[in-house]
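Just follow the structure's listing: the first ligand is 1, and inside any ligand the first atom is 1. Only heavy atoms go into these numbers, but all of them, side chains included; no hydrogens, no water, no symmetry mates.
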Amino acid sequence: MANSQSLPLCEKKPLKINTVQRAQEIAILFLFICLLVYRLLSLTDHGFVWLLAFLCESWFAFNWVLTLNVQWTPVEYKTYPQNLLQQVPELPAVDMFVATADAELEPPIITVNTVLSLLAVDYPSHKLACYVSDDGCSPLTLYSLIEASKFAQFWVPFCKKYNIQVRAPFRYFSGNSKLPSDNPIGFLQEWTKMKDEYQKLCQKIEDAVQNLATLDFSGDYVDFAHIDRRNHPTIIKVIWENKERLSNGLPHLVYVAREKRPNHSHHYKAGAMNALTRVSGVMTNAPFMLNVDCDMYANNSKIVLYAMCLLLGFKDEEEGAFVQYPQMSYDTLKDDPFGNQLVLPLKTIWPGFAGIQGPFYAGTGCFHRRKVIYGLSLVDSEGNLTDVALDKEEFGNSMEFIESATHILSEKIDHPRDLSTAVVDAANIVAGSAYENNTLWGTKVGWVYGSVTEDILTGMKIHARGWKSILCMPDPPGFIGSAPSSSHIMLTQRKRWVTGLLEILFSKNSPIFATGYAKLDFRQCLAYTNGLNWGPKLHS
Ligand SMILES: O=c1ccn([C@@H]2O[C@H](COP(=O)(O)OP(=O)(O)O[C@H]3O[C@H](CO)[C@@H](O)[C@H](O)[C@H]3O)[C@@H](O)[C@H]2O)c(=O)[nH]1
Ligand SMILES: [Mn+2]
């Protein structure tokens with residue numbers, strides 16, 4: 001940890017407020033109130049129509065209050081990675097999760113690019129491990145990752161040597177990235193070689209996609225022969241192990257297809273994240289976990305350093321249960337008719353939430369403290385940290401996992417271990433489909449089940465336990481993902497989001513209860529209510 005005498009790792013600063021705009025907003029609110037009072041006073045004279053108008057205007061006014069609340073105290077965070085490198089000689093380990101679910105809808109080359117961008121971040125490689133969860137249980141995904149790990153042996157040193165910014169090769173070679181202006185000696189030669197190698201990688205993956213039937217189901221792929229993606233045992237493959245623990249080598253890369261059985265609910269992405277949490281727990285047990293969707297590549301090579309500045313830089317850990325990078329998209333349609341760029345939220349909603357109890361968890365581009373995911377609360381009358389009891393009923397039946405979780409909750413740092421057969425066997429057990437039966441996984445521990453917007457629900461429950469969260473908006477942006485490619489796909493996605501959000505608002509998990517009975521800040525409750533109400537607001 002950084003010592004308190006030293007230079008800061010980060011700062012939280014209020015954003016400048018436009019006073020003219022603020023005055024206008026207050027004036028509008030005042031007019032709303034006058035109008036509502038006038039309606040009320042003259043209700044008896046005009047009857048039903050007046051009442052209807054009163055109700056509509058009240059709804060409008062209520063939404064105005066919600067909007068103002070979010071935008072009232074925006075903040076920004078600044079980070080100082082150079083101070084981190086000077087003052088924290090032993091940087092903490094980070095486990096990085098990438099989730100993919102369907103090799104057809106989410107082409108392996110996209111997942112591969114996300115993985116490559118993570119393997120190449122500026123952070124000591126022996127402190128990183130990348131886990132890919134494949135809910136599609138596809139040999140193509142495994143094959144692509146194996147090939148990508150070979151390419152990474154050249155790509156990662158190349159990126160670090162020339163300080164390349166965008167380390168997802170498909171973006172780097174797409175022509176949007178600038179070549180270094182000073183053109184160092186040998187650069188062009190290496191650049192050309194790298195481009196060739198990347199094209200070969202694409203070709204190999206494309207060939208495999210076209211000729212899946214001819215894939216040789218022996219060796220690494222033997223588990224995939226006659227596989228049924230809805231009914232199969234766990235498959236875990238250590239694709240690359242940084243055995244010598246080289247700080248300038250490649251991070252571990254592990255493929256995980258958790259067990260699926262038709263009579264067991266797999267809880268979609270939340271289930272995948274919980275399985276990866278346990279698998280990584282018994283394998284590397286890093287105190288911090290990053291999770292990204294398979295189509296969200298790291299666009300800024302310093303993402304882990306920034307996040308660590310924010311997670312280690314405040315005296316009170318309570319300041320940050322998680323660090324969230326806003327969601328952004330590339331290749332949106334001209335003029336962005338569907339608002340996929342989410343431009344307005346970047347200016348208002350994200351900094352606004354950050355100024356209350358912290359940004360919501362957006363499901364991707366987020367660094368979590370592992371102990372918070374294990375259910376650690378800040379709610380103790382003496383102000384002490386409290387944790388959920390650590391036993392099989394809560395965490396499941398793996399002694400290896402219980403031991404690793406005990407270390408995390410008691411702040412003990414695990415010694416790095418080899419990813420041996422015994423370790424992989426333990427990981428197989430915790431990725432089993434029945435592992436969570438009669439445990440607290442999905443309720444008090446891990447990602448919360450029961451919502452299609454599990455991210456918002458999981459984040460809100462963390463806030464309700466008294467934690468704050470932190471926004472990280474560096475320039476260039478930390479993560480960029482693909483936007484829905486057609487209006488049809490966009491509408492399906494939006495419908496899913498809107499339904500999920502409304503379900504949370506009207507369930508026992510509603511922020512209204514969480515502010516009454518738990519530690520959700522009242523203004524944060526209003527901010528969540530505003531967000532959960534996004535659908536009806538959009539269309540009213
Ligand atoms: O059974 C599943 C279903 C999905 N996923 C993965 O989850 C991610 C998100 O799913 P997607 O279908 O792409 O949903 P989006 O609407 O694009 O995602 C946004 O909304 C989701 C629900 O709120 C969040 O989980 C995401 O992080 C957020 O980016 C993808 O990487 C999927 O591969 C799984 O691993 N297993
Ligand atoms: Mn997606």
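Side chains of Gln210 and Glu206: a donor on one and an acceptor on the other come within 3.5 Å.
Annotation for Tyr268: atom OH does not count as buried by contact number, only 12 or fewer foreign heavy atoms lying within 6.0 Å.
Every residue two or more places apart in sequence or in another chain was checked for a ring pair (Phe, Tyr, Trp, His ring centres under 6.0 Å) with Tyr306, and none qualifies. For Tyr131, there are no ring pair (Phe, Tyr, Trp, His ring centres under 6.0 Å) partners two or more places apart in sequence or in a different chain. By the ring pair (Phe, Tyr, Trp, His ring centres under 6.0 Å) test, His232 pairs with no residue at all, sequence neighbours left out.
At a threshold of 4.5 Å between non-hydrogen side-chain atoms, the residues Leu290 and Leu118 count as touching.
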Output, or 'none' if empty, a list of ligand 1-protein atom pairs in which both atoms are N or O and the distance is under 3.5 Å, rounded to 0.1 Å.
unit_1: ligand 1; atom_1: 1 (O); unit_2: Asp135; atom_2: OD2; d: 3.4
unit_1: ligand 1; atom_1: 14 (O); unit_2: Arg496; atom_2: NH2; d: 3.4
unit_1: ligand 1; atom_1: 16 (O); unit_2: Gln493; atom_2: NE2; d: 3.3
unit_1: ligand 1; atom_1: 16 (O); unit_2: Arg496; atom_2: NH1; d: 3.4
unit_1: ligand 1; atom_1: 16 (O); unit_2: Arg496; atom_2: NH2; d: 3.0
unit_1: ligand 1; atom_1: 16 (O); unit_2: Trp497; atom_2: NE1; d: 3.0
unit_1: ligand 1; atom_1: 17 (O); unit_2: Gln493; atom_2: NE2; d: 3.1
unit_1: ligand 1; atom_1: 20 (O); unit_2: Trp497; atom_2: NE1; d: 3.2
unit_1: ligand 1; atom_1: 23 (O); unit_2: Asp455; atom_2: OD1; d: 3.0
unit_1: ligand 1; atom_1: 23 (O); unit_2: Asp455; atom_2: OD2; d: 3.1
unit_1: ligand 1; atom_1: 25 (O); unit_2: Lys269; atom_2: NZ; d: 3.2
unit_1: ligand 1; atom_1: 25 (O); unit_2: Glu454; atom_2: OE2; d: 2.7
unit_1: ligand 1; atom_1: 27 (O); unit_2: Lys269; atom_2: NZ; d: 2.7
unit_1: ligand 1; atom_1: 27 (O); unit_2: Asp293; atom_2: OD1; d: 3.1
unit_1: ligand 1; atom_1: 27 (O); unit_2: Asp293; atom_2: OD2; d: 3.2
unit_1: ligand 1; atom_1: 27 (O); unit_2: Gly363; atom_2: O; d: 3.1
unit_1: ligand 1; atom_1: 29 (O); unit_2: Asp293; atom_2: OD2; d: 2.5
unit_1: ligand 1; atom_1: 29 (O); unit_2: Gln327; atom_2: NE2; d: 3.1
unit_1: ligand 1; atom_1: 31 (O); unit_2: Ala99; atom_2: O; d: 2.7
unit_1: ligand 1; atom_1: 31 (O); unit_2: Cys294; atom_2: N; d: 3.2
unit_1: ligand 1; atom_1: 33 (O); unit_2: Ala99; atom_2: O; d: 3.3
unit_1: ligand 1; atom_1: 33 (O); unit_2: Ala101; atom_2: N; d: 3.1
unit_1: ligand 1; atom_1: 33 (O); unit_2: Glu106; atom_2: OE1; d: 3.0
unit_1: ligand 1; atom_1: 33 (O); unit_2: Glu106; atom_2: OE2; d: 2.9
unit_1: ligand 1; atom_1: 36 (N); unit_2: Asp135; atom_2: OD2; d: 2.6

